[in-house]
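So the structure is just underneath, and the comments pick up after that.
Predicted model, so just to flag it, every value in this text is computed and none were measured.
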Protein chains: 2
Amino acid sequence: MSAPATDSTAYSPRQNDVLDSALRLLVEGGEKALTTAGLARAANCSKESLYKWFGDRDGLLSAVIEFQARKVRVPAEAEGLLNAAELRQRLEEFARELLAVLASDASLALNRLAIGQASGEGARLGRLLQERGRRGIGRRIEALLEAARDAGLLAFDEAGEAYATLYGLIVTDQHLRWLLGEKPDAASFGPRAEKAVAAFLRLHGI
Amino acid sequence: MSAPATDSTAYSPRQNDVLDSALRLLVEGGEKALTTAGLARAANCSKESLYKWFGDRDGLLSAVIEFQARKVRVPAEAEGLLNAAELRQRLEEFARELLAVLASDASLALNRLAIGQASGEGARLGRLLQERGRRGIGRRIEALLEAARDAGLLAFDEAGEAYATLYGLIVTDQHLRWLLGEKPDAASFGPRAEKAVAAFLRLHGI
DNA sequence: GCGCAAACGTACCGTACGGTACGGTACTTG
DNA sequence: CAAGTACCGTACCGTACGGTACGTTTGCGC
């Protein structure tokens, strides 16, 4: 859909390679590992090029976040559900995906980066991450919830609030624990997703 | 022999003053603002004393976390509830307190610090924060939940799981949003607490 | 083949930080 | 009062980073 001609974020293949190296450094060693000299060495480019392309270190960090957000872009859901079993299945799938995304190395690294920057600074990266990442997912699932309500399968006042409840039931404090260094256990995603959706349906199902 | 032993309460009043200054610096400017020279200036002490007391910068960071955890220590609940209305009130109070703690400057600063350190390092500070902070609150509220179950007011299989559900309903993704820089709105804590507890009771209440 | 722009590699600069060393000072202890 | 201890303030060292400058190389249009 969106032509790659969106000039604001038009990065050449070479620049995308560099951003890929930057993300890898970030995942492996955190913000401290993402130095201009280190990135230049890892990506076989010159520091001068980095400053030419991204302005300064902050621009580089923002570019990495946008780079990753662009990769995660999920295609819109096919809009053809309707019975209760299908809704449950959709929600469980969403829950598993959400847990997998939040537990991924890249997501954790970028969230850690943005959270580290949020102190003292104006939370630029935090807003960026919020806007590019969670917001998209939220809009998508809220649309699903509203469709289900129109079909008489769910009851709630406000989609945003219902989504917040669903999110809380799925994620609880796992995300924070992962951010603090706990290792994710992918095998637990499935059961957790099922339980969370069951609780959600008990709260908002018809 | 390196660090003066993480022996907890072995800090003098002078050292506690210094840790207080350190926490203030951390709250105001994040990890970058907590430099040895800056702390020495802010606390009117010498850098040499800092290294003598805390070993190195990491020891200082750990000491700040323990220092704050010791201050937050909440007294055990009075164990004399029983009817459903009181349980609801207790849970709502807990929810409001939890939101207030998570939204506090000190908590956010320390969580940001530990999360920043969690990349690349072995998540020492993360485990420390988890152990000293959340764990204590969790044990306390789980005891309340089990007491309520014994009194026939709640139904659940495992207290840890029920607590996770309650936590998720209360906090949703607010904690992360705050960590990313969003400003907390204290006026929303009350309504949110009531709704979360209402949902929890609909799930687990008799 | 030629010229030109882009980008590479490296050397360099200023700064700021973690950590150490040292002289001076106040306060205790015999 | 003398010896000792704990601490302050400051100066210092090595290192590492962000950012800049420059000479060299690569690739593409003509």
Side-chain angles (χ1 to χ4, degrees), chain A residues 7 10-26 28-65 67 109 112-114 116-117 119-122 124-125, chain B residues 1-5 7 10-26 28-65 109 112-113 116-117 119-121 124-125:
Chain A
D7 36 3
Y11 290 122
S12 74
R14 178 70 183 121
Q15 288 162 11
N16 277 325
D17 286 349
V18 172
L19 289 176
D20 201 56
S21 292
L23 183 57
R24 185 175 354 263
L25 287 176
L26 209 56
E28 286 169 4
E31 182 186 354
K32 298 177 301 302
L34 183 51
T35 67
T36 53
L39 177 58
R41 202 174 322 114
N44 288 324
C45 72
S46 72
K47 289 176 63 174
E48 196 168 25
S49 298
L50 293 180
Y51 286 100
K52 182 172 193 174
W53 294 333
F54 308 110
D56 58 4
R57 190 169 182 272
D58 256 29
L60 173 63
L61 298 180
S62 303
V64 173
I65 289 183
F67 168 73
R112 289 195 184 108
L113 169 66
Q117 294 277 119
S119 258
E121 280 206 40
R124 281 187 32 263
L125 294 185
Chain B
M1 55 204 61
S2 54
D7 208 351
Y11 290 123
S12 74
R14 177 69 181 120
Q15 287 162 11
N16 278 325
D17 286 350
V18 172
L19 289 176
D20 201 57
S21 291
L23 184 56
R24 187 177 350 267
L25 287 177
L26 208 55
E28 287 170 1
E31 183 187 352
K32 298 177 300 303
L34 183 49
T35 67
T36 53
L39 176 58
R41 202 175 319 116
N44 288 325
C45 73
S46 72
K47 288 175 64 174
E48 196 167 24
S49 298
L50 293 181
Y51 286 99
K52 183 174 192 172
W53 295 333
F54 307 110
D56 58 2
R57 189 168 183 272
D58 255 30
L60 173 64
L61 298 180
S62 302
V64 173
I65 289 184
R112 288 194 185 111
L113 170 63
Q117 293 279 118
S119 259
E121 279 206 42
R124 280 187 32 262
L125 294 184

Any residue meeting side-chain hydrogen bond (donor to acceptor under 3.5 Å, both in side chains) with A:D17, in chain and number order, not counting sequence neighbours =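 Here no residue qualifies.
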Those residues at least two apart in sequence (or on a different chain) that pass side-chain hydrogen bond (donor to acceptor under 3.5 Å, both in side chains) with A:E31 are A:R57
Boundaries of the chain A footprint along DNA chain D (any atom under 4.0 Å from a heavy atom) |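 Counting from the 5' end, contacts occupy D:dC17 to D:dC22.
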Provide, to the nearest angstrom, the distance between the [atom1] atom belonging to [X] and the [atom2] atom belonging to [N].
X: A:Q15; N: C:dC8; atom1: CD; atom2: C1'; value: 15 Å
X: A:F54; N: C:dA7; atom1: CZ; atom2: P; value: 11 Å
X: A:N44; N: C:dT10; atom1: CG; atom2: P; value: 10 Å

ring-ring contact (aromatic ring centres under 6.0 Å, His included) partners of A:F54, counting only residues at least two apart |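 ring-ring contact (aromatic ring centres under 6.0 Å, His included) check on A:F54 returns A:Y11.
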Just jot down the salt bridge (charged side-chain N to carboxylate O under 4.0 Å, His left out) partners of B:D58, sequence neighbours excluded, or say none.
->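 B:D58 satisfies salt bridge (charged side-chain N to carboxylate O under 4.0 Å, His left out) with B:R124 once adjacent residues are dropped.
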Can you find a side chain N or O atom of A:W53 that sits less than 4.0 Å from OP1 or OP2 on C:dA7?
->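 Answer is yes, contact under 4.0 Å.
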Determine: side-chain N/O of A:R14 to OP1/OP2 of C:dC8, distance under 4.0 Å, yes or no.
-> yes
A:C45 side chain reached by A:R14 side chain, heavy atoms, under 4.5 Å | yes
When the nearest nucleotide of DNA chain D is assigned to A:S46 and to A:A37 on a heavy-atom basis, which residue is associated with the more 5' position?
->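 The 5'-side residue here is A:A37.
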If you find the nucleotide of DNA chain D closest to A:K32 and the one closest to A:G55, which residue's nucleotide is nearer the 5' end?
-> A:K32
If a pair satisfies side chain to side chain donor-acceptor pair (under 3.5 Å) and one of its residues is in residues 33-45 of chain B, list it, with sequence neighbours excluded.
-> none
